Amino acid sequence: MTHPLAQGVQLRVLSAESLILPTCLCVCSDPNQLCLKNHKKTIMAFSVTTRSHSYESYDAEDSVFEPSDFADSSDQNCMRHDLVDQKSRRHKRFVRRHSYSPYEVKVKTLAHHHQWKAPEFFRGAKLPPGRMVVHQSSLPHLPVPDLAQTLQKYLKVVRPLVDDVAFQKTEQLVEEFGKPGGLGESLQSKLQSRAHERQNWLDDWWLHMAYLDNREPVVIHVSPGIVCPPQDFNGKKEQLQFAAKLVAGVLDYKVQIDDQSVPIDRLRTRPLCMDQYYKLFSACRLPGEQRDQVVVYGPDCGVRPRHIVVVHNNQFFSLDVYDNNWKPLSQDHIHAQLKKVVCQSKHPSVPVGILTTENRDTWGMVYNQALKKDKTNKLSLEAINRSIFMLCLDQETVREEDRWTSMGHQLMHGGGSQHNSGNRWFDKTLQFTVGTDGAVGIVYEHSAAEGPPIISLLDHMLDYCSQSPAVKETSVQPKEPERLPFSLNKSVLEAIDNAKQSLDMQVRDLDLHLVTFKTYGKDFPKSQRLSPDSYIQIAMQLAYYKVNKVACATYESGSTRMFHLGRTDTIRSASVESLKFCQAMQDSSIQPSEKVALLRRAVEGHKRYAQETVSGQGIDRHLLGLKLIAVEAGLDVPDLFEDSTYEQAVHFKLSTSQVPSKYDSLLCFGPVVPDGYGICYNPAEDHLNFCISAYNSHQETDTVKLAAALNQSLLDMQELLQTQAKL
């Protein structure tokens, strides 16, 4: 019998493959590598304040690049040499700063960690009774996988990454850890007890390790940027007209959030956790020293936010977007307010927003010890934190030959201190950018959600913009925008100058390449009865092997939203099967029929591993949990996690994620290790879109070279399958 509150709930059906998520987002580097050698320190619990309760997909695709997309760039090569040859000191510092991973962190400390629980910290007050409450309560809890199963799978996934000597040592460590009555069984029992006591045994740990204790800047390392299809307009007038439609479209989506009518995602017949959808609006990350906080001002908070913040020429304004009856303002009224903002901010101001690009400890110190102590600043900061979302009205930047890649840079970091980086507040959960040149996109702070809720919002927003009528002038005078001023003393101005220098160094170091593979899309692997996502992942394995002649640890984000408060686990794409296929493709003596068999075996193996991961049977979060539970118990970190094989297994040189959208939008994120790549892809039926990132300061990485290898790998795999089919 259907519960009355659940009747009429819309369902969004996802294929199994739509549970493959953005890493970053990447999940900002894979947190299974938390290094807890100094276990005697106390682990400090993160502090998350939420003013409301609230808070992916398994579909595959392909896109092909034109040969011209891979032409060498002399400018890019020159920049690479400059960075390597002339800035060795900066490079050393930069690599150290970019080595953060929740799996590699040198222990922060869990003192009193066992005394706090996720629900109180992350959820705060509850959602008002409604459909979502009924839905969420029906979801199963995240399971703790069987220990023997995880250890067996661990040996299998590390085999292609290490030599025989290292593997034999790892086998011995695994045997010792998993023996009956041994340390592994003891930690497993403790982890199972934790699972019985909590709504989700991983939830608070993950937020803590992957996000709020990460001291690296959120820019590039944590917060993804999403490039939308460029709009066909140019100039301030059309910019404001489109921006008004965009705001109206986002507010139209928020109505579904407020009345809990957002269609429920489903994996075939199973409903998925919708918690993340309810943490998108009126949310912000707050900087701290050692750890950050997240605040969400939900429908039950004392004073519901009714404003957005608009930033233009680095100046911030508060705009009310609801009338007295809590009805969203029309796009015409919003447009009138935006024109007033532009009139009141004709010249660039001091880029206070660039402070949000800093190292989190540095920014936390400035925020709490300087900015917040001034009454004027405190009010402005509160208005920004509480705002429903932020709209960034950007200035046009110099158009490069590759416009799509140029837009990717703008969405990831704003282009640097001389461009739009100060026209942001990177701590804000949702920022929408609209440039005078038609560049449109979203920047989102990652701690609240993975990609699917953001993409759902993006698709709705673009649908609304394409279908809404033209913006008209209105005689009704809207409420005046309220300027949010900042009082800046000498120390804050110095901090801003330092932030500019630090950001510009990171911007110069980012190697970014957005490409489209046009020969075929996800329709081709489907025609071969192959999972499109698994097919693309194996193509990336082949591309990396072509360039480096070895396999590497590969992270693909797999959603665990099948479970209450589920986030992600790691789908490991590098396998014994994938390595055998890659080696065979480089060996002309092997028959095509055998290569096809190896390809199919590799694709099926990846698909099977992905299905197990989204079903809660992944190994990476389980191993992380065993490590953390040992620390909480005051035990030495098990030798298994100090093994060089484990360190290599969680050093993800390929950090990948599929983020599908019905539009040609593309999510961009940075690598999670200094010598690695970040790859996000959005597969369409007849083409594949890829964003590939790396660091110029590392001589072994080159996005153009890897993109060319990926292009060739996709062509080689198609030719192999088509040729064999004709025989």
Side-chain angles (χ1 to χ4, degrees), residues 22-37 80 83-84 90-106 157-158 160-162 209-211 213-224 359 412-413 446 505-506 509-513 537 540-541 543-545 547-557 568-574 620-621 623-624 641-657 668-680 691-703 705-706:
T23 323
C24 340
L25 80 12
C26 93
V27 156
C28 67
S29 75
D30 196 80
N32 291 322
Q33 196 170 345
L34 178 64
C35 175
L36 301 174
K37 294 180 181 178
R80 184 181 301 277
L83 280 163
V84 172
R90 284 188 177 181
H91 173 221
K92 291 178 182 177
R93 170 177 166 237
F94 191 81
V95 169
R96 286 199 301 273
R97 292 181 62 196
H98 286 67
S99 293
Y100 180 90
S101 157
Y103 295 96
E104 293 176 339
V105 179
K106 296 288 181 192
V157 300
V158 301
L161 307 179
V162 297
M209 301 302 174
Y211 302 107
D213 269 2
N214 185 342
R215 299 292 85 197
E216 291 300 323
V218 293
V219 173
I220 298 176
H221 309 287
V222 178
S223 297
N359 171 280
M412 285 191 70
H413 49 65
H446 205 335
M505 184 177 69
Q506 295 183 64
D509 195 51
L510 181 63
D511 177 13
L512 193 67
H513 198 45
Q537 285 289 327
M540 288 191 283
Q541 291 297 306
Y544 188 88
Y545 190 86
V547 174
N548 299 282
K549 308 307 178 188
V550 294
C552 73
T554 303
Y555 177 102
E556 181 183 8
S557 185
T568 64
D569 203 339
T570 306
I571 300 171
R572 287 184 169 268
S573 303
D620 283 77
R621 305 301 190 260
L623 291 172
L624 176 64
F641 303 115
E642 296 184 338
D643 182 24
S644 61
T645 294
Y646 182 77
E647 293 178 2
Q648 187 169 343
V650 294
H651 187 81
F652 292 106
K653 291 187 178 182
L654 286 180
S655 178
T656 72
S657 182
C668 308
F669 56 83
V672 300
V673 295
D675 55 344
Y677 295 93
I679 306 178
C680 191
C691 173
I692 306 175
S693 65
Y695 293 122
N696 285 306
S697 53
H698 205 285
Q699 291 177 294
E700 294 181 10
T701 58
D702 186 326
T703 61
K705 183 183 293 186
L706 185 66

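No experiment lies behind these values; they were computed from the predicted model shown. Quick note: residue numbers are just sequence positions, from 1.
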Rounded to the nearest 0.5 Å, what's the gap from SG on Cys680 to CD1 on Ile692? Could you check?
-> 11.0 Å
Quick one: CZ on Phe669 to CD1 on Ile679, what's the gap to the nearest 0.5 Å?
-> 8.0 Å
Set of side-chain contact (heavy atoms from CB on, under 4.5 Å) partners for Ala553, sequence neighbours left out | Leu161, Arg572, Phe652
Straight-line distance of Thr703 OG1 to Tyr695 OH, nearest 0.5 Å = 13.0 Å
Full working for side-chain hydrogen bond (donor to acceptor under 3.5 Å, both in side chains) between Ser573 and Gln541 | CA-CA 8 Å; Ser573 303; Gln541 291 297 306; 5.0 Å; no
When rounded to the nearest 0.5 angstrom, what is the spacing between OG in Ser223 and OH in Tyr211?
-> 10.0 Å
Heavy-atom closest pair, residues Ser655 and Val672 | OG-CG1, 3.7 Å
Going by atom types only, do His651 and Asp675 share a side-chain donor-acceptor pair under 3.5 Å?
-> yes
Please examine the side chains of Leu706 and Tyr677, heavy atoms only from C-beta on, and report whether any two atoms are closer than 4.5 Å.
-> yes
Considering only heavy atoms from C-beta outward, does the side chain of Thr554 approach that of Gln537 to under 4.5 Å?
-> yes
Less than 4.5 Å apart, any side-chain heavy atom of Val650 and any of Phe641?
-> no
Decide yes or no for Asp511 and Thr701: does some side-chain heavy atom of the first lie under 4.5 Å from some side-chain heavy atom of the second?
-> no
For Ser693, what residues pass the side-chain hydrogen bond (donor to acceptor under 3.5 Å, both in side chains) criterion, not counting sequence neighbours?
-> none
Closest heavy-atom pair and its distance - Ala551, Pro160 | CB-O, 4.0 Å
Ignoring hydrogens and geometry, is there a side-chain-to-backbone donor-acceptor pair from Asn548 to Tyr544 under 3.5 Å?
-> yes
Measure the CE-CD distance between Met412 and Gln506 for me, rounded to the nearest 0.5 Å.
-> 10.0 Å
Spacing of His413 atom NE2 and Ile220 atom CD1 [to the nearest 0.5 Å] = 5.5 Å
Apply the side chain to side chain contact (heavy atoms under 4.5 Å, CB included) test between Glu556 and each candidate in Thr568, Leu654, Thr656, Thr570; give the one that qualifies.
-> Thr656
Between Leu512 and Cys691, which heavy-atom pair has the shortest distance, and what is it?
-> CD1-SG, 3.6 Å
